[in-house]
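Presented below is the structure to which this report refers.
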Amino acid sequence: MPDRLPPLTALRAFDAAARHMSFARAADEIGVTPAALSFQIKSLEEHLGQPLFHRLNRAVELTEAGRALAPGTAEGFRALQVAWRMARRVKNDRTLTVTAGPAFTARWMAPRFYEFAKAHPEIELRFSASLRVMDFQRDEIDVAIRFGYGSDEGLYAVPLAFEWVTPVMLPELAERYPTPESLIGAPLLVDDSLDFVEPPCDWAAWFRAVGLAHEPQLATHFSQADHAVDAALAGAGVALGRRALVIKDLHEGRLVAPYGVALKPQAHFRFLCPKGTEDRPAIAAFRDWILSEIDKTAGVSDRLTIIPTEDVPPE
């Protein structure tokens, strides 16, 4: 039977040796003696009917057959590792790993997750704050909260509350800047993390939305959205605050949004997980909790006139 696969132990020995180009280091990796590893590779070569390595004095080199086999074995063992981790995670519903952007994690997740922990003490939450596009299987991620235009093909996706931006500030600053016109010359804090959004969702667009012909005089730029909010909370100026990052502060009165006009970008937040995992108890519980937390502050959005950015007059 020429297509009959050789023993997995022999393929594993070959994969390690092909990666290290050293029988000794490969043997150390898989926990056998160099002699045992050499025997496994020899049996694999006999099964194949040709050598896989050139044995040199102090080194080894792959033969043409070895070079043909190496990529497939490496990919195969990576796939097995991923499948094994996924199988283990199906059984382990006590740990839930969630990835979200750093700003969302800091200002939305961190102040609220204790409520989830109280309701579900049996689930251990792990947060991975990153904007890097992660692979659910390779990175062992259960849930992702992402903002943008993603098509989310192959994933279970639930839209979360739409995002908006509106000027926010300390209550005492609102007395100094009671109208949109009074913002001309005010210290405006800039969140550069929304620069990718089209149409733009920035201070210039907000000024046009409320009918101000003046060009905003910007103050300090921040690459992270939560840093702009922190500056507003410190009284450093007026930030164009994003709903997800300021709504708790607005709801609890630490910040105010005195002008009642917000811009809605086309980008949006989504709750994502691999299809077929959405009914796992921990994932379903986390999804339901997020949606219930969003509902608690829905009244803040109801007090705003929300204008889609595509409806803002052009420059």
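Phe39 and Leu48 are members of different hydrophobic clusters when ILVMFWY side chains are connected at heavy-atom separations under 4.5 Å. Linking Ile, Leu, Val, Met, Phe, Trp and Tyr residues whenever their side-chain heavy atoms come within less than 4.5 Å leaves Leu80 and Phe136 in two separate clusters. Linking Ile, Leu, Val, Met, Phe, Trp and Tyr whenever their side-chain heavy atoms come within less than 4.5 Å puts Leu96 and Phe127 in one cluster. In the hydrophobic clustering of ILVMFWY residues, with side-chain heavy atoms under 4.5 Å counting as a link, Val60 and Val32 come out together. One hydrophobic cluster, built from ILVMFWY side chains closer than 4.5 Å, cannot hold both Val168 and Val210; they sit in different ones.
Looking only at distances, no side-chain donor or acceptor of Asp142 sits under 3.5 Å from a matching main-chain atom of Val98. Side-chain atoms of Glu124 never come within 3.5 Å of backbone atoms of Arg94 as a donor-acceptor pair (strictly under, hydrogens ignored). Checking side-chain atoms of Glu293 against main-chain N and O of Leu291 turns up no donor-acceptor pair under 3.5 Å.
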Got a list of side-chain donor-acceptor pairs under 3.5 Å for residues 255-262, not counting sequence neighbours?
from: Tyr259; atom 1: OH; to: Tyr177; atom 2: O; distance (Å): 2.6

What pairs of donor and acceptor atoms, side-chain ones from residues 66-79 against any protein atom, are under 3.5 angstrom apart with sequence neighbours left out?
from: Arg67; atom 1: NH1; to: Leu62; atom 2: O; distance (Å): 3.2
from: Thr73; atom 1: OG1; to: Leu69; atom 2: O; distance (Å): 3.4
from: Thr73; atom 1: OG1; to: Ala70; atom 2: O; distance (Å): 2.9

Please tabulate, for side-chain N and O atoms in residues 181-200, each donor-acceptor pair with protein atoms closer than 3.5 Å (sequence neighbours left out).
from: Glu181; atom 1: OE1; to: Thr179; atom 2: OG1; distance (Å): 3.4
from: Ser182; atom 1: OG; to: Thr179; atom 2: N; distance (Å): 3.1
from: Ser182; atom 1: OG; to: Thr179; atom 2: O; distance (Å): 2.5
from: Asp191; atom 1: OD1; to: Ser193; atom 2: N; distance (Å): 2.9
from: Asp191; atom 1: OD1; to: Ser193; atom 2: OG; distance (Å): 2.5
from: Asp191; atom 1: OD2; to: Ser193; atom 2: OG; distance (Å): 3.2
from: Asp192; atom 1: OD1; to: His221; atom 2: ND1; distance (Å): 3.0
from: Asp192; atom 1: OD2; to: His221; atom 2: ND1; distance (Å): 3.2

Name the atoms and distances for all side-chain donor-acceptor pairs under 3.5 Å in residues 298-315, with sequence neighbours left out.
from: Ser301; atom 1: OG; to: Trp164; atom 2: NE1; distance (Å): 2.9
from: Glu310; atom 1: OE1; to: Gln266; atom 2: NE2; distance (Å): 3.4

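In terms of heavy atoms, Cys273 sits closest to Ile283 at SG-CG2, 4.0 Å. Minimum interatomic distance between Leu155 and Pro274 (heavy atoms only, all atoms of both residues): CD2-CA, 4.0 Å. For the residue pair Ile141 and Ser128, the shortest heavy atom distance occurs at CD1-CB, 4.5 Å. Across all their heavy atoms, Ala10 and Leu44 have their closest contact at O-CD2, 3.8 Å. Taking each heavy atom of Ala106 and Ala110 in turn, the nearest pair found is O-CB, 3.5 Å. Of all heavy-atom pairs spanning Leu173 and Gly235, the tightest one is CD1-O, 4.1 Å.
Expressed to the nearest 0.5 Å, how far OG1 of Thr63 lies from CZ of Arg55 amounts to 9.0 Å. Rounded to the nearest 0.5 Å, atoms CG (Asp139) and CZ (Arg132) are 4.5 Å apart. We find the CG-CE distance between Leu125 and Met109 to be 8.5 Å, quoted to the nearest 0.5 Å. Taking CG of Leu240 as the reference point, atom OG1 of Thr166 lies at 7.0 Å (rounded to 0.5 Å). To the nearest 0.5 Å, the span separating CG on Asp249 from OG1 on Thr297 amounts to 11.0 Å. Expressed to the nearest 0.5 Å, how far CZ of Arg287 lies from CG of Leu160 amounts to 11.0 Å.
The environment of Arg254 atom CZ is dense: over 12 non-hydrogen atoms of other residues, nucleotides or ligands sit within 6.0 angstrom. In Glu64, the CD atom is not crowded: 12 or fewer heavy atoms of neighbouring residues, nucleotides or ligands sit closer than 6.0 Å. No more than 12 heavy atoms of other residues, nucleotides or ligands sit less than 6.0 Å from atom CZ of Phe113. Within 6.0 Å of the CD atom in Gln50, the count of heavy atoms belonging to other residues, nucleotides or ligands exceeds 12.
His227 and Phe222 have perpendicular rings, their planes meeting at more than 60° on a 0 to 90° scale where under 30° would count as parallel.
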Starting from the C-alpha separation in whole Å, work towards a yes-or-no answer on side chain to side chain contact (heavy atoms under 4.5 Å, CB included) for Leu56 and Glu61. CA-CA 8 Å; Leu56 308 177; Glu61 289 181 356; 3.7 Å; yes
Test salt bridge (Lys or Arg N to Asp or Glu O under 4.0 Å) on Lys248 and Glu115; report intermediate values, then the result. CA-CA 14 Å; Lys248 187 174 178 66; Glu115 294 286 355; over 6 Å; no
Salt bridge (Lys or Arg N to Asp or Glu O under 4.0 Å), that's the test. Do Arg146 and Asp152 meet it? Break it down for me. CA-CA 10 Å; Arg146 285 292 181 250; Asp152 307 326; over 6 Å; no
Step by step, would you call Arg107 with Arg242 a side chain to side chain contact (heavy atoms under 4.5 Å, CB included)? CA-CA 11 Å; Arg107 297 212 60 83; Arg242 295 174 54 179; over 6 Å; no
Before giving the answer on side chain to side chain contact (heavy atoms under 4.5 Å, CB included), spell out for Val229 and Leu233 the whole-Å C-alpha distance, their side-chain angles and the decisive distance to 0.1 Å. CA-CA 6 Å; Val229 177; Leu233 284 164; 4.2 Å; yes
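Side-chain contact between Glu29 and Arg19 is present, with heavy atoms from C-beta onward closer than 4.5 Å. A 4.5 Å side-chain heavy-atom check between Phe23 and Ile41 finds at least one atom pair inside the cut-off. Counting only heavy atoms from C-beta outward, the side chains of Trp206 and Pro180 approach each other to under 4.5 Å.
Pairs engaging residues 284-315 under the ring pair (Phe, Tyr, Trp, His ring centres under 6.0 Å) rule: Trp108-Trp289, Phe116-Phe286, Phe116-Trp289, Phe286-Trp289 [sequence neighbours left out].
Hydrophobic cluster of Val133: no remaining members, since no ILVMFWY side chain lies below 4.5 Å from it.
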